[in-house]
Amino acid sequence: MIAIVDYDAGNIKSVEKALQFIGEKPLVTRDAEQIRGADKVIVPGVGAFEDAMGRMNRYRLTEVLRETAAQGTPMLGICLGLQLFFERSDESENNVEGLGLLPGEIVRFPAKDGYKIPHMGWNSIHINPKSRLLHGISQDSYVYFVHSYYLRAQRKEDVAASTDYIVEVHAAVERDNVFATQFHPEKSGEVGLQILKNFVSIS
């Protein structure tokens, strides 16, 4: 069973529909036992880092997700979900901690003439050929982004894909059973659906 974590973040319905389209029957839940017992866990989301972590803490999901990652369950963070997997974000004025599943930080795009923030639209990604999540995806495939903050992963070896927008953006990461994309696979056409299929097939 694939659990989609419900913490009142946007975009959950889109991820649920994409998984249904590829033949899965995901369960949208914030029940701790259902999440712990799931075969796979997905944390989607759009919105603000600090607000999202506040809801995670209120619903007592923070420790559940840390425990689920520690027990080896494959987990996928999408957009805000990716950001929550890391330690901290510039977006949080009160220095609220993230889940800390991977080392790194979320920083705001610097201003640059000719570039709009948020970064919104299709960008090509440079893929690490060792990536399991992006296996079979063609180099420089286009995927869909919407974000004002970007990931600086601490370990280069965790970076599964990168893109360029003002700066180098770590667009996808993976380490052991933890996977995440800054872009939205559920909004990235056939490429995105294949990425979701890859995640579903990971054991």
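Side chains included, hydrogens not; waters and symmetry mates left out as well; all remaining heavy atoms used.
Ser92 contributes a side-chain N or O that, together with a main-chain N or O of Val96, makes up a donor-acceptor pair within less than 3.5 Å. Between the side chain of Asp158 and the backbone N or O of Val173 there is no donor-acceptor pair closer than 3.5 Å. A donor-acceptor contact shorter than 3.5 Å links the side chain of Asp31 to the backbone of Gln34. Under a 3.5 Å cut-off, the side chain of Glu174 and the backbone N or O of Leu133 do form a donor-acceptor pair. No donor-acceptor pair under 3.5 Å is formed between the side chain of Ser141 and the backbone N or O of Ile137.
Taking the six-membered ring where the residue is Trp, the centroids of Tyr149 and Phe109 are separated by 6.0 Å or more.
In this structure the side chain of Asn123 never reaches within 4.5 angstrom of the side chain of Val143, judged on heavy atoms. With contacts defined as side-chain heavy-atom distances shorter than 4.5 Å, the pair His170/Phe86 does not qualify.
For the atom pair Leu134 CG and Gln139 CD, the distance stands at 9.5 Å (nearest 0.5 Å). Of the inter-residue distances, the one linking Arg58 atom CZ with Arg30 atom CZ reads 9.5 Å to the nearest 0.5 angstrom. Taking CZ of Phe183 as the reference point, atom NE2 of His119 lies at 11.5 Å (rounded to 0.5 Å). Leu151 contributes atom CG, which lies 7.5 Å from atom CD of Gln182 (distance to the nearest 0.5 angstrom). Taking CG of Asp8 as the reference point, atom CG of Asp51 lies at 11.5 Å (rounded to 0.5 Å). Expressed to the nearest 0.5 Å, how far CD1 of Ile117 lies from CD1 of Ile166 amounts to 4.5 Å.
With hydrophobic clusters built from ILVMFWY side chains whose heavy atoms lie under 4.5 angstrom apart, Leu84 does not share a cluster with Val46. Both Val191 and Val15 are members of a single hydrophobic cluster when ILVMFWY side chains are connected at heavy-atom separations under 4.5 Å. Residues Ile127 and Val169 do not share a hydrophobic cluster, clusters being chains of Ile/Leu/Val/Met/Phe/Trp/Tyr side chains in contact below 4.5 Å. In the hydrophobic clustering of ILVMFWY residues, with side-chain heavy atoms under 4.5 Å counting as a link, Leu27 and Ile35 come out apart. Follow the hydrophobic side-chain contacts under 4.5 Å out from Val146 and you never reach Ile78; the two are in separate clusters.
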(request) Please test Phe199 against Arg132 for side chain to side chain contact (heavy atoms under 4.5 Å, CB included), starting from the C-alpha separation and ending with a verdict. (result) CA-CA 8 Å; Phe199 175 69; Arg132 291 182 289 158; over 6 Å; no

(request) Given side chain to side chain contact (heavy atoms under 4.5 Å, CB included), test Tyr115 with Asp113 step by step and report yes or no. (result) CA-CA 6 Å; Tyr115 288 84; Asp113 286 346; over 6 Å; no

(message) Between Arg36 and Glu67, does the salt bridge (Lys or Arg N to Asp or Glu O under 4.0 Å) criterion hold? Intermediate values first, please.
(response) CA-CA 8 Å; Arg36 287 191 185 100; Glu67 291 167 11; 2.9 Å; yes

(request) Step by step, work out the side chain to side chain contact (heavy atoms under 4.5 Å, CB included) result for Leu102 and Arg155. (result) CA-CA 9 Å; Leu102 294 171; Arg155 297 183 298 221; 3.9 Å; yes

(request) Evaluate the criterion side chain to side chain contact (heavy atoms under 4.5 Å, CB included) for residue pair His147 and Tyr150; output intermediate values, then yes/no. (result) CA-CA 7 Å; His147 60 128; Tyr150 70 97; 4.1 Å; yes

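Using a 4.0 Å cut-off between charged nitrogen and carboxylate oxygen, Arg108 and Asp90 do not count as a salt-bridge pair.
Donor-acceptor pairing under 3.5 Å is lacking for the side chains of Thr29 and Asp6. Donor-acceptor pairing under 3.5 Å is lacking for the side chains of Asn128 and Glu157. Of the N and O atoms on the side chains of Glu105 and Ser89, not one donor lies less than 3.5 Å from an acceptor on the other residue.
Between Leu99 and Thr62, the shortest heavy-atom distance links the atoms CD2-CG2, 3.7 Å. Of all non-hydrogen atoms in Phe49 and Gln83, the two that sit nearest each other are CE1-O, 3.3 Å. Smallest separation of non-hydrogen atoms from Ser124 and Thr163: O-OG1, 2.7 Å. Residue Val5 comes nearest to Ile12 through the heavy atom pair O-CD1, 3.7 Å, listed as atom of the first residue, atom of the second, then distance. Minimum interatomic distance between Glu87 and Gly100 (heavy atoms only, all atoms of both residues): CG-CA, 4.2 Å. Heavy-atom minimum distance, Leu101 versus Ala69: CD2-CB, 3.9 Å.
The cationic group of Arg55 does not satisfy the cation-pi geometry with Tyr7, failing either the under 6.0 Å distance to the six-membered ring centre or the 45° limit from the ring axis.
When each of Leu65, Leu80, Val178, Ile106 is checked for a side chain to side chain contact (heavy atoms under 4.5 Å, CB included) with Phe85, only Val178 meets the rule. For the side chain to side chain contact (heavy atoms under 4.5 Å, CB included) with Leu76, the qualifying choice from Asn198, Val200, Ile42, Ile195 is Ile42, the only one to do so.
More than 12 heavy atoms of other shown residues, nucleotides or ligands fall within 6.0 angstrom of atom CD in Gln71.
Ring geometry for Tyr144 versus His184: interplanar angle of 30 to 60°, hence tilted.
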